[in-house]
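No hydrogens, no waters, no symmetry mates; every other heavy atom, side chains included, goes into these values.
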Amino acid sequence: MTMLQADQNNKTSDLQDFSTLELAQVLMERLAISPQDWHRLKSNRKVRASEQAAAAIIFLLKDQPEEALQRLHQASGWLDRSITAPPCPTHGHNRE
């Protein structure tokens with residue numbers, strides 16, 4: 001067994017210690033747009049679709065299919081360009 005294979009086996013073993021929900025939550029944390037990256041990534045379709053798809057998985061695992069479906073529709077909307085990011089409310093847009 002090579003060092004790379006041994007390292008991969010150890011990582012796989014480590015992942016077995018976590019529930020599916022915990023792994024999905026870690027994925028969601030990794031895919032979520034951080035506040036400092038919001039303006040740069042808010043219109044990035046791949047990033048936004050990935051974020052919504054990960055959220056959908058979490059809702060499915062929590063037995064909330066309606067919420068999961070909403071997130072999947074959002075992910076689909078980002079990918080098919082049927083939705084866009086709203087303007088930022090704090091950057092000089094007309095306020096009433």
Using 0.5 Å steps for rounding, measure from the [atom1] atom of [X] to the [atom2] atom of [Y].
| X | Y | atom1 | atom2 | value |
| --- | --- | --- | --- | --- |
| Gln25 | Met28 | CD | CE | 10.5 Å |
| Leu21 | Ile57 | CG | CD1 | 11.0 Å |
| Leu60 | Arg71 | CG | CZ | 11.0 Å |

Once side-chain contact (heavy atoms from CB on, under 4.5 Å) is applied, do any residues pair with [X], and if so which ones, sequence neighbours excluded?
| X | value |
| --- | --- |
| Asp63 | Pro65 |
| Gln64 | Phe59, Lys62, Glu67 |
| Gln74 | Gln52, Trp78, Ile83 |
| Thr20 | Leu61 |

Apart from Val47 itself, residues in the same hydrophobic cluster as defined by side-chain heavy atoms under 4.5 Å =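 Noted: Val47 shares its cluster with Ile33, Trp38, Leu41.
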request  = Give a yes or no answer on whether the side chain of Ser76 reaches the backbone of Leu72 with a donor-acceptor pair at less than 3.5 Å.
outcome  =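 Checking the backbone N and O of Leu72 against the side chain of Ser76, no donor-acceptor pair under 3.5 Å is found.
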key: Donor-acceptor under 3.5 Å (Arg48 side chain, Lys42 main chain)   =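 Yes, because the side chain of Arg48 sits within donor-acceptor range (under 3.5 Å) of the backbone of Lys42.
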request  = Provide the closest heavy-atom pair for Arg45 versus Gly77 in the form atom of the first, atom of the second, distance.
outcome  =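 What the structure gives for the nearest pair is NH1-O, 3.9 Å.
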key: Smallest separation among heavy atoms of Leu31 and Ser50, with atom names   =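 Heavy-atom minimum between the residues: CD1-O, 3.6 Å.
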Pairs meeting criterion salt bridge (charged side-chain N to carboxylate O under 4.0 Å, His left out) with involvement of residues 28-41, two or more places apart =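 Found Asp37-Arg40.
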